[in-house]
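Below: the structure, in structure tokens.
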Amino acid sequence: MTSTPLMAAAAGRALWMSERLGDLVSCESPSAEPAALTRCASLLNDIVTEALGRPAQQIMPGTSPCLLWRGTSSCQVLVLGHYDTVWPLGTLAGWPYTVTDGIASGPGVFDMKAGIIQALAAVGLLDDPSGVTLLLTSDEETGSAASRDLIEDQARSATAVLVCEPSADGGAVKIARKGVGSYRLEITGRAAHAGLEPHLGINAGIEMAHQVLALAALADPALEITVTPTVLSAGTTANTVPEHARVAVDVRAWTRAGLEHADRQIRQLSPYLSDATVRISGGINRYPLETPAATGLLKLAQEAAAGIGIMPPEGVRSGGGSDGNLTAALGTPTLDGLGAVGGHPHARSEHTDITAMPQRAALLAELITRIRANPAALAQESTRS
């Protein structure tokens, strides 16, 4: 394909992207380690300053440092990402950043540090970056509890949100994500000696077993609603009827209606054993990113790709959630999966194709340019809340 000036400029940033990616991956940033996150935020802000000419504002919702680089014009495109990873401190010692035959490996290289570096390169390629706001958070992997308000505040005033989470297979972008619900069942029975007087007890473990089966029955394969008991615990000693038990539950659905239906069913669960109690907490964490939120942006992204001479990306659905769920639920047009090409997030085989990074940066830059030139193209079925 014929190279365009934008593609040539992006190719000129290839070495910078590879080097900065190595720096970022080599600075560990587990979600639950505030000191490590602070160190990584400082390094990342140095990279932001190098790429964009001025530092970001550091905002501290709780113990999760976020970096916000604000544009100055009235028409803002929000570029969204996170720099926290699922990998514990010390992982890097046995799994350092390496590049072999164009494939980069290391903790967080695909999810999503390469996407951050690409985003910085893309904004740096723009003739006028004043129409871009960049937000990088540090608690996405644990549910964005601290950063959620900040994300939603920025999304409400944005023309569109572009999420630089990893792409799907082959560089596809993500036009739908399942919504997520997280629940906890606290079960209380009555303790008794398991050998002498088991009949005087109320076995919370048995109650838990009934609740697990009831939860599993709430799943609806036809509608692709999943209700999955995950972490289970009960009892204290081997010779005591369990007095307490706990069940964690993960719920996923493609539609708001499906997620709310599962929520209602869970809240209607009642004890099976006489005198046992079941307390239900939690709820819907993220509504789905539904396809109408991404339709206009997908078309623009495909036109942008053709305009710079690369293969237009496909749009696919993803069962996992991201902060794109939060922005789409507000009614803000949102396109996800604009980050790196690679595979296996959250696995030791996690990797990024660094040879694809210039193309992805150029695509993001061209997409931002087209959004700002034609925001009316983003009309969608949903309305802002």
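Sequence positions, counted from 1, serve as the residue numbers for this chain. Only this structure's heavy atoms are used, side chains among them; waters, hydrogens and symmetry mates stay out.
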Q: Among Ile, Leu, Val, Met, Phe, Trp and Tyr joined by side-chain contacts under 4.5 Å, find the other residues sharing a cluster with Val316 and list them by chain and number.
A: none
With the 4.5 Å side-chain cut-off for hydrophobic clustering, are [X] and [Y] part of the same group?
X      : Y      : answer
Leu150 : Leu330 : no
Ile354 : Val341 : no
Leu338 : Leu120 : yes
Leu67  : Val77  : yes
Leu135 : Trp69  : no

So do the side chains of [X] and [Y] get within less than 4.5 Å of each other, counting heavy atoms only?
X      : Y      : value
Tyr83  : Met112 : no
Pro30  : Glu141 : no
Trp16  : Ile117 : yes
Glu260 : Ile284 : yes

Could I get the full list of salt bridge (Lys or Arg N to Asp or Glu O under 4.0 Å) partners for [X], not counting sequence neighbours?
X      : value
Asp323 : Arg286
Arg246 : Glu186
Arg370 : Glu366
Glu19  : none

Q: Decide whether Thr327 and Thr334 meet the rule of one side-chain donor and one side-chain acceptor closer than 3.5 Å.
A: yes
Q.
Is it the case that the side chains of Thr133 and Gln76 hold a donor-acceptor pair, with the cut-off being a distance below 3.5 Å and no angle test?
A. yes
Scan for salt bridge (charged side-chain N to carboxylate O under 4.0 Å, His left out) pairs involving [range], sequence neighbours excluded, and state none if there are none.
range            : result
residues 205-226 : Glu224-Arg317
residues 104-127 : none
residues 324-340 : Arg177-Asp336
residues 22-33   : Arg20-Asp23

Q: Salt-bridge test for Asp139 and Arg148: reply yes if a basic N is under 4.0 Å from a carboxylate O, no otherwise.
A: no
Backbone N/O of [Y] and side chain of [X]: donor-acceptor pair under 3.5 Å:
X      : Y      : value
Ser130 : Ser73  : no
Gln302 : Pro313 : yes
Ser42  : Arg39  : no
Thr100 : Ile103 : no
Ser138 : Pro65  : yes
His344 : Ala347 : no

Partner residues of [X] under the side-chain hydrogen bond (donor to acceptor under 3.5 Å, both in side chains) criterion, sequence neighbours left out:
X      : result
Asn203 : none
Asp263 : Tyr183, Arg267
Glu314 : none

Q) What closest approach, in Å, do Ala122 and Ala361 show between heavy atoms, and which atom pair accounts for it? A) CB-O, 3.2 Å
(Q) To check you understand the geometry: which heavy-atom pair defines the closest contact between Gly319 and Trp254, and what is its length? (A) N-CH2, 3.9 Å
Q) What class does the angle between the rings of His210 and Tyr272 fall in, given that below 30° is parallel, 30 to 60° is tilted and above 60° is perpendicular? A) parallel
Q: Mind running side-chain contact (heavy atoms from CB on, under 4.5 Å) on Val231 and Arg184 for me, showing each step along the way?
A: CA-CA 9 Å; Val231 181; Arg184 187 179 179 91; over 6 Å; no
Q | Arg279 atom CZ, neighbour heavy-atom count above 12 within 6.0 Å | A | no
Q: Inspect the surroundings of CG in Asp169 and state if more than 12 heavy atoms from other residues, nucleotides or ligands are less than 6.0 Å away.
A: no
(Q) Please evaluate residues Gln154 and Leu68 with respect to the criterion side-chain contact (heavy atoms from CB on, under 4.5 Å), reporting the C-alpha separation (whole Å), side-chain torsions for both, the decisive distance (0.1 Å), and the verdict. (A) CA-CA 10 Å; Gln154 297 303 312; Leu68 180 63; 3.8 Å; yes
Q: Decide side-chain contact (heavy atoms from CB on, under 4.5 Å) for Leu367 and Leu335; before the verdict, give the C-alpha distance in whole Å, the side-chain angles of both, and the deciding distance to 0.1 Å.
A: CA-CA 11 Å; Leu367 176 56; Leu335 186 62; 4.2 Å; yes
